[in-house]
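So the structure is just underneath, and the comments pick up after that.
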Amino acid sequence: MEPAEIRRGVYALRAIDWDRRLFDGLIPLPDGTSYNSYLIKGSQKTMLIDTADPTKRDVLLNQLNSLGMSIDYVVANHAEQDHSGAIPQVLEKYPRAKVVATPKCKSMLIDLLVIPEDKFITVEDKETISLGDRTLEFIHAPWVHWPETMLTYLKEDRVLFPCDLFGSHLATSDLYVAHEGQVYEAAKRYYAEIMMPFRTHIQKHLERLKEYKIDIIAPSHGPLYDKPEFILKAYHSWVLDAPKNIVVLPYVSMHGSTRKMVEYFVGALLERGITVKQFDLTATDIGKLAMSLVDAATLVVGTPTVLVGPHPNVAYAAFLANALRPKLKFISVIGSYGWGGKAVEQLAGMIPNLKVEVLEPVICKGLPREADFKALDKLADTIAARHKGNGFV
Ligand code: FEO
């Protein structure tokens, strides 16, 4: 793919990873991803912003070759290797270039990539570097989603290069967002998996960005935004809006008892006007579950009892919900056991990060019967009342 000129002398260099299906050995990538770098030619100096994953370094180097320019600065907005991994090869090819980073990012890049200390220029918050007729401002923005992160802003052209922030794991030949629904889904999945645990930090960054006039947001994953309000509005809603009248219901059933409870309970919630997102944890894409947690007010997990505790897949979902720190307000457990167990106590101990009210669980012995269905109705009543009482309806 050839570099794309997004403004005079400003090029997007995209290494599209159509086939990647897993990130960090954890996160599903159903639509692949891309690693975007940007080259900015000033009247005196040239700057590269971010590089690429080591697996795509040749794609980046070939695009740099095709532009035939020297490079004076390589900005590392973020130390994670999917953006920094090709810095050593870029420095080899352009030995006069200096790496521009926050002090924290410098120290992490020395640890992760063994880049020599004298190759760095560190920048403070709001510091600028001039390329002659162009000026880059560096905005420290820690915890997007690592502690060292910053955003880079090209003042004259009003382009923001936020690296991971506002990105999407989406392999596409579209330079800019062409199908808003598709990008909204991919960006929401990305937010849920990567940014949601740092919601309070992201909120501060969104507030700071109001000072800047932005014509293009050029992230380092996925398509660029030539209508920035699309993604800014979406982030505003994901980060700041109150949770919605939604119950997320991940479950596992071994012999059908928990499934019967889930089926009955879903019907009871729907009768009360509550939206339900149900996930069979033996088959679901964990990213879909993460996305559903962005807006939900309540999480109810359905579990059988395995070796006196919750099913391991349910424990994994609870661990994930605890790590992602969604806006949830209420949580409960439904499920079945054969002869005894501590599934509820063990699950309750797995979610210390969640500031939630635990609603009375419904656990039955063997197949659910009349009293158990009544208890499920009561739990549905309680959830409906809590959602209404908190203005989530
Ligand atoms: Fe796309 Fe945090 O790296």
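What you see is a predicted model; the values in this text were computed from it and never measured. Note that ligands are numbered from 1 as they come in the structure, with each ligand's atoms numbered from 1 the same way.
Here the closest heavy-atom approach between residue Ser336 and residue Met261 is recorded as N-SD, 4.4 Å.
The N, O or S atom of Asp164 with the smallest distance to atom 1 (Fe) of ligand 1 is OD1. Distances from atom 1 (Fe) of ligand 1 to each N, O or S atom of Asp82 single out OD2 as the nearest. Looking at His83 and atom 1 (Fe) of ligand 1 together, the shortest N, O or S contact belongs to NE2.
Atom 2 (Fe) of ligand 1 lies under 2.8 Å from an N, O or S atom belonging to His78. At least one N/O/S atom of His221, whether from backbone or side chain, sits less than 2.8 Å from atom 1 (Fe) of ligand 1. Backbone or side-chain N, O or S atoms of Glu80 do not reach atom 1 (Fe) of ligand 1 at under 2.8 Å.
Side-chain contact check for His221 and His83: at least one donor-acceptor pair (N or O, by modelled atom type) lies under 3.5 Å. Remark: the Tyr264 side chain and the Arg259 side chain contain no N/O donor-acceptor pair separated by less than 3.5 Å.
Using bins of under 30°, 30° to 60° and over 60° for the plane-to-plane angle, the ring pair Tyr153/Tyr212 lands in the perpendicular bin.
In terms of modelled atom types and a separation under 3.5 Å, the side chain of Asn353 and the main chain of Arg325 share no donor-acceptor contact.
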